[in-house]
Trainee: 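Before I ask anything, here is the structure I am working with.
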Amino acid sequence: EVQLVESGGGLVQAGGSLRLSCQASGFTFENYAIGWFRQAPGKEREGVSCPNYKNINTYYADFVKGRFTVSSDNAKNTVYLQMNSLKPEDTAVYYCAAALIPLWGWVPTLHPGGYDFWGQGTQVTVSS
């Protein structure tokens, strides 16, 4: 059974930090690209980060660039999202999602429709 489980969310003051984890199971981890998304109340789900071309580095949305960092531990099938300098507007449910990398290679996308499997999400609340 394919599973993505996010953890690490919580309540933090503006300027603080959180590290989210995305634990994957049930599929071959290295065959998938893992993206991070978020959805605030009343807003559409938006992409936060995804692997760039060749699944080597990470592409970040402009609104988190310089503040958020993605890392991974392939031995643990886990991807992390380190969030620093958090702002109240970062408040949202954060999701990780997995996309099967095509045979011709990964084409970076932050569009939610480009992903096959989703976690249940973890709430991040940033107080002012």
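Positions are given from 1, in the same order as the sequence printed here.
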Trainee: Please give me the minimum heavy-atom distance between Arg45 and Phe37, naming the atom from each residue.
Mentor: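 Heavy atoms of Arg45 and Phe37 come nearest at CG-CB, 3.9 Å.
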
Trainee: Can you find a pair of side-chain heavy atoms, one from Leu18 and one from Val124, that are under 4.5 Å apart?
Mentor: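 Contact flag for Leu18/Val124 side chains = yes.
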
Trainee: Hey, mind stepping through Glu30 and Thr28 against side-chain contact (heavy atoms from CB on, under 4.5 Å) and telling me if it holds?
Mentor: CA-CA 6 Å; Glu30 47 268 26; Thr28 305; 3.8 Å; yes

Trainee: Begin from the C-alpha positions of Asp90 and Arg67 and carry the test side-chain contact (heavy atoms from CB on, under 4.5 Å) through to its verdict.
Mentor: CA-CA 11 Å; Asp90 293 320; Arg67 300 188 297 124; 2.7 Å; yes

Trainee: Indicate the ring-plane relationship of Tyr95 and Trp118, choosing parallel, tilted or perpendicular according to the 30° and 60° boundaries.
Mentor: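 Taking Trp118 first and then Tyr95, their aromatic rings stand perpendicular (interplane angle over 60°).
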
Trainee: Can you tell me if Gln13 uses its side chain to pair, donor with acceptor, with the backbone of Ser127 under 3.5 Å?
Mentor: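 No; judged by distance alone, with no hydrogens or angles, the pair does not exist.
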
Trainee: Can you name the nearest heavy-atom pair linking Val70 to Ser49, along with the distance?
Mentor: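 Heavy-atom minimum between the residues: CG2-OG, 3.3 Å.
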
Trainee: Closest heavy-atom contact between Ile34 and Cys96?
Mentor: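 Minimum heavy-atom separation between Ile34 and Cys96: CG2-CB, 4.3 Å.
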
Trainee: Looking only at heavy atoms, which two atoms of Leu100 and Asp116 are closest? And how far apart?
Mentor: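 Heavy-atom minimum between the residues: N-OD2, 2.8 Å.
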
Trainee: Give the minimum heavy-atom separation between Leu20 and Gly9, together with the two atoms involved.
Mentor: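 Between these two residues, the closest heavy atoms are CD2-N, 3.5 Å.
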
Trainee: Using the ring of Tyr80 (Phe, Tyr or Trp, six-membered ring only), decide whether Arg19 places NZ or CZ under 6.0 Å from its centre and within 45 degrees of its axis.
Mentor: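 Judged by the rule (NZ or CZ under 6.0 Å from the ring centre, within 45° of its axis), Arg19 counts as positioned above Tyr80.
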
Trainee: Is any side-chain heavy atom of Leu11 closer than 4.5 Å to a side-chain heavy atom of Val126?
Mentor: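 No. Closest side-chain heavy atoms not under 4.5 Å.
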
Trainee: Could you walk me through whether Ser7 and Thr122 pass the side-chain contact (heavy atoms from CB on, under 4.5 Å) check?
Mentor: CA-CA 6 Å; Ser7 61; Thr122 185; 5.7 Å; no

Trainee: Thr125 versus Val12: any side-chain heavy-atom pair under 4.5 Å?
Mentor: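 A side-chain contact under 4.5 Å is absent here.
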
Trainee: Using the six-membered ring wherever Trp is involved, compare the ring planes of Tyr32 and Phe117 and label them parallel, tilted or perpendicular (cut-offs 30° and 60°).
Mentor: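 Plane angle between 30° and 60°, so tilted.
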
Trainee: Enter the distance from Lys43:NZ to Glu89:CD here, rounded to the nearest 0.5 Å.
Mentor: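 Between Lys43 NZ and Glu89 CD, I get 8.5 Å after rounding to 0.5 Å.
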
Trainee: What's the spacing between Asn74 CG and Ser72 OG if we round to 0.5 Å?
Mentor: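 Output value for this atom pair is 4.5 Å.
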
Trainee: Is a side-chain N or O of Gln120 found less than 3.5 angstrom from the main chain of Glu6, in a donor-acceptor match?
Mentor: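 A pair under 3.5 Å: yes.
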
Trainee: Any chance you could measure Thr69, atom OG1, to Asn84, atom CG, to the nearest 0.5 Å?
Mentor: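 Reported to 0.5 Å precision, the distance equals 6.5 Å.
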
Trainee: Just so I know, are the side chains of Gln39 and Glu46 near enough to count as touching, which here means a heavy-atom distance under 4.5 Å?
Mentor: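 When only atoms from C-beta onward are counted, Glu46 and Gln39 do not touch, as no gap falls below 4.5 Å.
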
Trainee: Using the rule given for side-chain contact (heavy atoms from CB on, under 4.5 Å), can you reason through Leu110 versus Tyr60, listing the C-alpha separation, both sets of side-chain angles and the distance that settles it, and then say yes or no?
Mentor: CA-CA 9 Å; Leu110 287 177; Tyr60 298 93; over 6 Å; no

Trainee: Tell me the closest heavy-atom pair linking Gly114 and Thr109, and the distance in Å.
Mentor: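 Result for this residue pair: CA-CG2, 4.4 Å.
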
Trainee: Would a 4.5 Å heavy-atom cut-off, applied to side chains only, mark Trp36 and Val64 as touching?
Mentor: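 They are not in contact (no side-chain heavy atoms under 4.5 Å apart), so the answer is no.
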
Trainee: Salt bridge (Lys or Arg N to Asp or Glu O under 4.0 Å) between Asp62 and Lys65: does it pass, once the steps are laid out?
Mentor: CA-CA 5 Å; Asp62 286 343; Lys65 203 172 292 184; 3.0 Å; yes

Trainee: Distance from Ser17 atom OG to Met83 atom CE, nearest 0.5 Å?
Mentor: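 Separation between the atoms: 8.5 Å.
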
Trainee: Distance check, rounded to the nearest 0.5 Å: Asn31 atom CG versus Trp106 atom CH2?
Mentor: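 So the gap between those two atoms works out to 13.0 Å.
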
Trainee: Is any side-chain heavy atom of Val79 closer than 4.5 Å to one of Phe29?
Mentor: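 Contact flag for Phe29/Val79 side chains = yes.
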
Trainee: Between Phe68 and Leu81, is any pair of side-chain heavy atoms under 4.5 Å apart?
Mentor: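 Phe68 vs Leu81: side chains touch.
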
Trainee: Is a donor from one side chain sitting under 3.5 angstrom from an acceptor on the other, for Thr78 and Gln23?
Mentor: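 There is such a pair (donor and acceptor under 3.5 Å, judged by atom type) between the side chains of Thr78 and Gln23.
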
Trainee: Measuring from atom CG of Asp73 to atom OG of Ser21, what distance do you get when rounded to the nearest 0.5 angstrom?
Mentor: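 One finds 10.0 Å between CG of Asp73 and OG of Ser21.
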
Trainee: Taking the side chain as every heavy atom from C-beta outward, state whether Pro51 and Tyr59 have any atom pair closer than 4.5 Å.
Mentor: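 Of all side-chain heavy-atom pairs linking Tyr59 with Pro51, none is under 4.5 Å.
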
